[in-house]
Structure formats: C-alpha cells, structure tokens
Student: 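What follows is a single structure, and I will ask about it in a moment.
The figures that follow rest on heavy atoms only: side chains count, while hydrogens, waters and symmetry mates do not.
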Amino acid sequence: MAARRTAAAGSGEDGKSLPLDELMPWSVRPLRTGRSWVMSPDPAALRTRWERLAAAEGAEQERLFRPSRSRTPHIPVAALPGRSTGTGRFAREPGACPDPARILHGPFDEQWLLPDHRLIDAARPELWRVGDERQLFTVEHGYVPQATGPALSVTHLLPDGHSPAGRPGRIRPLYRRPDATDPNLAPGLLDVLRTRLGPEVAPESVLAWIMAAALPSPSGCRVPLPADAEVWAAGVELGRELVRVQLRGARGGERPRLPGGRRPYVRAALPPRPAGIVYDAEAEALVIGDGRISPVPAGAWEFTVSGVRVLELWFERRAAAAVGAVPAGAAPDGPGGVGLDAVGARGWTPEWTSELLELVSVLALLDGLRPRQEALRARLDRAPLISRDELRAAGVLPVPASVRLPASVLGHQEEGPEGQFALL
C-alpha cells in the first residue's frame with residue numbers, strides 16, 4: 001500500500017518529463033457559473049428553478065437571480081455556441097427554459113447545467129464551440145502535496161474544471177476545431193513521435209499516453225515521452241483502457257462493468273432522503289441509511305482525487321440536492337426568503353442509484369489499473385526518453401504563441417446580444 005501511495009503522490013518535477021502545457025498548448029480556464037443554482041444533479045429541479053425565476057418580477061427576480069458584476073437580469077449576452085437561447089435581457093424576455101446540458105462537474109461527477117449564457121458569469125464559449133461527437137477533453141486536477149489520485153481525467157462531456165481541493169487545473173480539448181480537425185498538440189510533435197515510435201502514432205494515441213503517464217506537480221501536469229517503441233505501446237494500450245472506462249460507453253465503447261460476481265447491486269432500497277453514507281469494509285458494502293449496495297471494493301471507496309474521496313463527495317452533493325439544501329460553500333441568498341438553491345429533487349431519484357452503481361464500477365476498474373500504471377512508471381525510470389533538447393532541435397519547442405489561442409471557426413454564425421449575428 002505504501003508503494004502505491006508514493007507512486008501516486010510523486011512529483012513530476014524531475015527534469016526528465018515535459019509540461020503538459022507544452023504538449024497540449026491550448027488550454028482553457030474552468031467555468032465560473034457565478035451562481036450555484038444553474039447546476040444540479042437533477043434536471044427537473046433546474047426546470048423548476050427557471051420557471052420560478054422567469055415568473056418573478058422586479059426586486060424578487062433580482063434576489064433570486066443573485067446578480068454579479070458580470071451578470072444581472074438586465075444584461076443582454078450572446079448565445080452559447082450551438083444553443084438556441086435568448087440573448088436579450090432576461091428581465092424583459094426570459095424565453096422558454098433551455099434543455100439542461102449534461103456536463104462533468106469536477107472529476108467523475110456528471111451533473112446538469114442550464115445552458116443559457118445570460119445566467120453564467122464565464123461559460124467559456126470557446127469550449128462549447130469545439131465540443132462535438134468526436135471531441136475529448138482532458139482536465140487537470142487540483143494539485144495537493146502528498147495527496148493520492150490521478151493527475152488527469154478525460155471526458156466527452158463539457159467539463160467545468162471544478163476541483164474538489166487545491167487550485168483548479170486547466171481544460172484541454174484534444175482538437176482545436178470541430179470534426180476532429182487541428183489536433184491540440186505542439187506543431188511538429190506528431191512528426192517527432194512518428195519518427196521515433198512508428199508511423200501509426202495519432203492524436204488519440206498521444207492522449208492515451210498522456211492519460212497513462214501524466215504526473216502531478218506544483219506547476220501543472222508533466223509527461224515523460226519515451227524513445228522506446230515498446231514502452232510507448234504499453235502506455236498507449238493502458239491509456240486507451242483508462243479513457244474507455246472514463247467515457248462510460250460514449251464514442252461507441254462499452255459501458256464499464258465489473259466481472260460477474262463483483263458487480264455492485266442494491267441489496268436494500270435507498271431511503272428517499274438519505275442523511276449519510278458509511279463503508280462497511282468487512283462486508284464490502286455502502287450503507288446509506290437503511291439502504292445497502294454491495295459488493296463495493298475498498299479501492300472504489302478509497303479512490304481519491306486531490307486527496308478527496310470521490311464516492312463520498314458524489315453522495316454528499318446528491319443528499320443535499322434531495323432536500324434542496326444550499327451546497328456547502330455557496331454564497332447566501334440574502335434576506336427575503338430562500339433562494340433557488342432550495343429547489344431540490346424531491347427525494348433521492350432512481351437515476352442517482354443507477355449512476356452510483358456505475359460510478360462504483362468506474363472507480364473500481366480505475367483502481368484495478370493502478371498496478372499497471374506503477375509498472376509503466378518503473379519502466380520509464382529505466383527507459384530512454386525524448387528530451388527537451390531533441391524537441392527544440394526539431395522545432396517543436398518553444399511552442400508558438402498562436403497555438404495557445406483558440407482557433408477561429410470561419411463561416412460559423414453565432415447569435416450575439418439582442419439577436420445580432422457575428423461571423424467567427
């Protein structure tokens with residue numbers, strides 16, 4: 001167990017690895033919603049919140065909205081790319097409630113968001129612009145010294161980049177444009193890798209390698225690049241499995257399933273408003289009030305990101321949402337009554353139970369891949385690496401400033417404030 005902890009908490013600041021920022025140079029800061037009520041584990045609660053806000057008027061609407069410097073009910077804002085929502089002042093013409101969008105709220109927590117730009121302080125439209133059925137996003141986790149857990153996660157959903165602890169990391173799309181064009185890789189990197197490791201190297205295999213080999217460090221994720229084709233192949237194979245598990249059946253893959261006899265099941269129904277969650281290590285069971293789920297491997301229960309236990313945080317958010325509690329750390333709604341955060345899900349939903357069973361499987365499978373990651377890192381300690389000097393000589397480094405900026409999407413119209421169109 002000590003060896004696992006050391007490997008997971010080790011710093012990538014070893015002089016041999018390269019900053020992920022130089023390999024995938026375009027990155028985007030996490031979303032900043034400005035108000036917690038625009039996100040929820042339950043899409044029905046979001047629709048109810050919208051209806052209450054749209055029906056309110058004057059000072060009451062202002063109070064429910066929770067204005068910030070960036071957003072008030074009186075500010076017209078451009079529509080989010082790919083979303084048909086109002087662009088005029090919300091107070092004057094709120095329009096119909098948009099369909100909630102599935103997003104990744106921090107690591108491994110799939111939630112829902114009201115995708116109306118008038119409600120979100122910093123929605124990062126450049127991410128929405130390139131999100132499509134072929135895009136993948138990597139998300140750096142907040143760095144916490146000596147904490148265990150992976151340095152990165154990957155998702156096909158729009159990620160908000162939230163970190164449960166530590167400073168939030170950056171969001172890096174695999175492609176700079178829609179339709180899997182213009183890889184978000186340092187110019188010339190693919191050519192070097194193909195020369196060194198084989199002509200079959202593709203953007204997806206580079207992403208797989210990064211997922212398998214990335215190391216946390218105070219300055220951001222770092223990635224060693226092997227000069228040995230066998231080490232590369234082993235890492236890419238492992239990385240593809242890590243990606244497959246985290247995508248949960250998206251992109252034509254299979255949904256994560258544990259072997260027969262190890263799959264978690266509901267042994268006793270979960271209560272409508274659970275107050276807490278306990279792990280019974282001897283029985284390998286999650287105990288939620290009178291409810292019970294088993295088998296749950298210890299590795300799934302102990303799985304952490306930035307030092308925070310994933311299953312426990314996931315449950316706490318839904319237990320709060322089941323009763324409409326204001327999330328921990330949320331700003332108070334002020335005088336005059338409860339705010340929109342108090343609109344909950346009317347109890348624990350069957351969908352959450354299904355999601356919990358799948359999350360247990362995801363975390364158990366990822367934990368089962370840790371020995372292979374540790375073995376890969378041990379091989380990298382002995383293997384020859386592609387050096388910074390080699391990448392400089394090939395013209396890969398330093399990375400041009402232009403590729404750190406979003407690519408323009410020519411010929412694509414988007415609706416601006418008050419219905420004006422812009423050509424990007």
Side-chain angles (χ1 to χ4, degrees), residues 1 5 8 36 39-45 103-112 141-142 144 147-150 153 160 162-166 245-246 248 255-258 262-330 341-368 370:
M1 189 70 179
R5 185 158 49 245
S36 55
M39 188 184 306
S40 172
D42 179 50
I103 69 165
L104 189 70
H105 177 47
F108 305 106
D109 191 348
E110 296 185 1
Q111 295 205 22
W112 299 91
H141 300 154
V144 177
T148 61
S153 60
D160 67 2
H162 175 79
S163 175
V245 171
Q246 293 186 49
R248 308 190 192 190
R255 300 199 76 86
R257 298 184 68 184
L258 289 167
R262 298 301 298 164
R263 293 172 191 160
Y265 289 95
V266 176
R267 309 296 177 175
L270 276 58
R273 286 178 172 79
I277 185 170
V278 176
Y279 182 64
D280 184 336
E282 184 176 351
E284 287 192 310
L286 292 180
V287 181
I288 303 172
D290 294 330
R292 197 173 186 88
I293 293 175
S294 68
V296 176
W301 172 250
E302 296 293 343
F303 197 100
T304 62
V305 172
S306 302
V308 176
R309 189 177 285 134
V310 170
L311 273 175
E312 202 165 22
L313 179 60
W314 185 95
F315 169 82
E316 288 171 356
R317 288 170 174 164
R318 281 150 186 82
V323 295
V326 176
D341 284 304
V343 178
R346 300 183 181 180
W348 188 274
T349 71
E351 291 80 10
W352 293 350
T353 300
S354 298
E355 291 172 16
L356 177 55
L357 294 174
E358 182 170 81
L359 182 58
V360 168
S361 297
V362 167
L363 299 181
L365 289 168
L366 292 177
D367 182 71
R370 280 178 172 171

Student: Please check: side-chain N/O of S306 versus main-chain N/O of V308, any donor-acceptor pairing under 3.5 Å?
Tutor: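 Absent.
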Student: Run the numbers on D109 and L359 for side chain to side chain contact (heavy atoms under 4.5 Å, CB included), then give the verdict.
Tutor: CA-CA 9 Å; D109 191 348; L359 182 58; over 6 Å; no
Student: Taking atom CZ of R317 and atom NE2 of H105, what is their separation to the nearest 0.5 Å?
Tutor: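 Those atoms lie 3.5 Å apart.
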Student: Roughly how far, to the nearest 0.5 Å, is the CD atom of E110 from the CG atom of L104?
Tutor: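 Separation between the atoms: 6.5 Å.
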Student: Kindly check if the number of other-residue, nucleotide or ligand heavy atoms within 6.0 Å of CZ (R273) is above 12?
Tutor: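 Correct, the count exceeds 12.
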Student: Rounded to the nearest 0.5 Å, how far does CD of Q111 lie from CG of D160?
Tutor: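 Here the rounded value is 8.0 Å.
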Student: Does the gap between the ring centers of F315 and W348 come in under 6.0 Å?
Tutor: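 Yes.
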Student: Taking the side chain from R309 and the backbone from W301, do they hold a donor-acceptor pair closer than 3.5 Å?
Tutor: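 Side chain of R309 to backbone of W301: a pair is present.
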Student: How are the rings of F303 and F108 set relative to one another: parallel (under 30°), tilted (30 to 60°) or perpendicular (over 60°)?
Tutor: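 F303 and F108: perpendicular rings.
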Student: Indicate yes or no: does R262 engage E284 in a salt bridge with an N to O separation below 4.0 Å.
Tutor: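 Yes, charged N to carboxylate O under 4.0 Å.
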Student: Could you report the tightest heavy-atom contact between A45 and S40, atom names first, then the distance?
Tutor: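 For A45 versus S40, the nearest heavy atoms are CB-OG, 4.0 Å.
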Student: So which atom in P256 and which in L365 form the shortest heavy-atom distance, rounded to 0.1 Å?
Tutor: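 So the minimum-distance heavy-atom pair works out to CB-CD1, 3.6 Å.
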Student: Could you state the interatomic distance from CG (L313) to CD1 (I277), rounded to the nearest 0.5 Å?
Tutor: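 Taking CG in L313 and CD1 in I277, the distance rounds to 11.0 Å.
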Student: May I have the step-by-step check of side chain to side chain contact (heavy atoms under 4.5 Å, CB included) for R267 and V287, ending in yes or no?
Tutor: CA-CA 10 Å; R267 309 296 177 175; V287 181; over 6 Å; no
Student: So, for H162 and P107, which heavy atoms are closest and what is the spacing to 0.1 Å?
Tutor: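 Distance-wise, the nearest heavy atoms are O-CD, 3.7 Å.
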Student: May I ask you to check whether over 12 heavy atoms, not counting those of R346, lie within 6.0 Å of atom CZ?
Tutor: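 Counting neighbours around CZ of R346, 12 or fewer heavy atoms of other residues, nucleotides or ligands fall under 6.0 Å, so no.
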Student: So, taking the atom named OG in S361 and the one named CG in L366, what distance separates them when rounded to the nearest 0.5 Å?
Tutor: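 These two atoms lie 10.5 Å from each other.
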Student: Provide the closest heavy-atom pair for W352 versus P41 in the form atom of the first, atom of the second, distance.
Tutor: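 Looks like NE1-O, 3.3 Å.
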Student: Where the side chain of S294 meets the backbone of V296, is there a donor-acceptor pair that is under 3.5 Å apart?
Tutor: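 Not at all, since once roles are kept as given, no pair shorter than 3.5 Å links the two residues.
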Student: Walk me through it: do D367 and L363 pass the test side chain to side chain contact (heavy atoms under 4.5 Å, CB included)?
Tutor: CA-CA 6 Å; D367 182 71; L363 299 181; over 6 Å; no
Student: Apply the test side chain to side chain contact (heavy atoms under 4.5 Å, CB included) to residues L286 and Y279: give CA-CA distance (whole Å), side-chain angles for both, the deciding distance (0.1 Å), then the verdict.
Tutor: CA-CA 5 Å; L286 292 180; Y279 182 64; 3.9 Å; yes
Student: Closer than 3.5 angstrom, by distance alone: can the side chain of R248 be matched with the main-chain N or O of R255 as a donor-acceptor pair?
Tutor: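 Between the backbone of R255 and the side chain of R248 there is no qualifying donor-acceptor contact (under 3.5 Å).
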Student: Just verifying a value: how many Å separate D341 CG and M39 CE, rounded to the nearest 0.5 Å?
Tutor: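 It comes to 11.0 Å.
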